[in-house]
Amino acid sequence: QPAMQFAQRLDHVETSAIRELFKLLGKPGIISFAGGFPDSAMFDVEGLREAAQRALADEPGAALQYGATEGYNPLREQLAAFMAAKGATVAPDGLIVTTGSQQALDLIGKTLVDPGSTVLVEAPTFLATIQCFRLYGAQVIGAPIDAQGVQVERLEELVVRHRPRFVYLIPTFGNPSGATLSLQRRLRILELAVRTRTVIVEDDPYGDLYFGEAPPPSLLALSDQVPGSRDWLVHCGSLSKVLSPGLRLGWMIAPAALLAKATMCKQFSDAHTSTFAQATAAQYLRSGRMPAALQRARQVYAERARAMGESLRQKLGEALTFTQPGGGLFVWARLSGADGALADAGELARRAIEHGVAFVPGAPFFATEPDRASLRLSFATVGVEQIREGVARLKAALMQGTPS
Ligand code: PMP
């Protein structure tokens with residue numbers, strides 16, 4: 001029997017090392033900092049139950065029937081209002097609803113990437129987007145970041161050298177970096193977009209999850225201040241981290257020509273996003289429960305982030321460096337190798353599982369030139385006591401076999 005022949009586009013994409021690691025997480029008693037999702041205890045189950053019931057009572061035909069590819073209009077209106085409250089003006093028909101923001105990213109790849117096109121991303125960035133853009137044949141190149149987000153001079157050099165189809169950024173509480181692009185850099189990036197006629201994709205699933213002060217406005221909100229920038233800007237939003245990832249609801253705001261192409265591609269992909277999920281979310285947003293639910297999530301995640309930062313500083317000291325995140329779900333850290341301790345996060349991840357704690361090594365998040373000393377720790381789904389215990393186990397794994 002000849003082997004099944006797969007499309008050549010799959011040649012450059014592998015299932016991630018992270019998925020392999022997740023297989024080991026079933027071990028009983030393991031404390032996992034490996035996840036990339038919100039805490040299910042944070043879901044507003046009561047609010048969603050009421051919203052789903054109202055959707056079925058008030059609009060059963062629409063909620064259960066096929067719907068428009070662009071999205072369910074009452075939800076588009078609610079999402080436009082949600083964005084307006086954050087300073088970004090968009091008409092309901094200036095956005096399309098997508099099946100998670102992941103689908104928006106896929107549609108961006110589908111509509112903008114040819115085999116051999118260059119796409120610039122942050123180094124590090126969200127792994128699934130690297131893989132998604134590669135699937136369309138993109139050469140994905142990483143631009144360096146620091147605690148203030150992507151380094152604009154370096155990004156500009158790469159833009160000029162590679163003429164990318166687009167630059168993909170997670171400007172606020174990045175995954176995995178936790179970094180937030182400063183206001184000044186945001187404005188410079190919008191100017192860069194106009195000057196070099198480069199599409200900027202802003203992926204913003206975490207911006208609402210801030211712990212203290214709100215982050216700078218999104219690139220989308222700031223685009224009013226930079227004439228012409230809106231013509232080069234794509235914004236992806238998601239209800240996954242603020243309401244529920246299981247609803248699979250995201251949205252995409254883009255210049256009309258791109259939005260039309262993306263809508264056409266979506267038609268061939270899933271026809272439309274679940275109308276029941278959309279009607280439920282529209283009811284939920286209309287009910288006015290979102291601000292309180294967000295407030296609660298911010299408080300809980302802030303407390304966990306603080307506990308993780310304190311434990312890491314106390315227990316691991318010099319061995320690990322990190323920036324305390326101001327929001328989101330992640331602490332991005334680096335093994336310093338101090339005092340002869342291990343500096344390979346992949347090896348530490350294997351040892352850590354044996355010690356009953358899991359995290360994700362950072363190397364796969366780099367499109368080019370992986371940093372093997374880096375790692376991502378999520379505090380989102382672990383209570384404060386367990387965070388302290390998990391960090392103690394991490395220390396035991398790190399110190400195992402090192403000369404004292
Ligand atoms: N973008 C980023 C940066 C993410 O971290 C995630 C999920 N972890 C997504 C997009 C996809 O989210 P969803 O499809 O659930 O909206």
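Start at 1 and go down the list; that is how both ligands and their atoms are numbered. Residue indices begin at 1 and follow the sequence shown. Every value quoted in this text rests on a predicted model; they were computed, and no experiment measured them.
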Run down the list G250, S240, G246, P245 and name the one with the heavy atom closest to atom 13 (P) of ligand 1. S240
Which residue owns the protein heavy atom closest to atom 1 (N) of ligand 1, what's the atom, and how far is it? D203 OD2, 2.5 Å
Between Q103 and ligand 1, is there a nitrogen or oxygen pair with a distance under 3.5 Å? no
Modelled atom types, side-chain donor and acceptor of T172 and R186, under 3.5 Å: yes
For ligand 1, does Y206 get within less than 4.0 Å through its side chain, its backbone, both, or neither, judged by non-hydrogen atoms? side chain
Output yes when E156 and R188 qualify as a salt bridge under the 4.0 Å nitrogen-oxygen rule, no when they do not. no
State whether the side chain of S311 and the backbone N or O of A307 hold a donor-acceptor pair below 3.5 Å, judged by distance alone. yes
For I170, the ligand 1 atoms with a heavy-atom partner under 4.0 Å come out as 3 (C)
I need the nearest protein heavy-atom contact for atom 12 (O) of ligand 1: residue, atom name and distance, please. S101 OG, 3.3 Å
Aromatic ring proximity F133/Y168, centre distance under 6.0 Å: yes
Flag yes if more than 12 heavy atoms outside E46 fall under 6.0 Å of its CD atom; otherwise flag no. yes
Under 4.0 Å, heavy-atom basis, I'd like to know which part of R248 is in contact with ligand 1: side chain, backbone, both or neither. side chain
Would you say the side-chain atoms of E59 and Q283 include a donor-acceptor pair closer than 3.5 Å? yes
Atoms of ligand 1 less than 4.0 Å from S238 heavy atoms? 13 (P), 16 (O)
When you measure from the centre of the six-membered ring of F211, is the NZ or CZ of R298 under 6.0 Å away and within 45° of the axis? no
To which protein heavy atom is atom 9 (C) of ligand 1 closest, and what is the distance rounded to 0.1 Å? F126 CE2, 3.4 Å
For atom 7 (C) of ligand 1, closest protein heavy-atom neighbour: K241 NZ, 2.9 Å
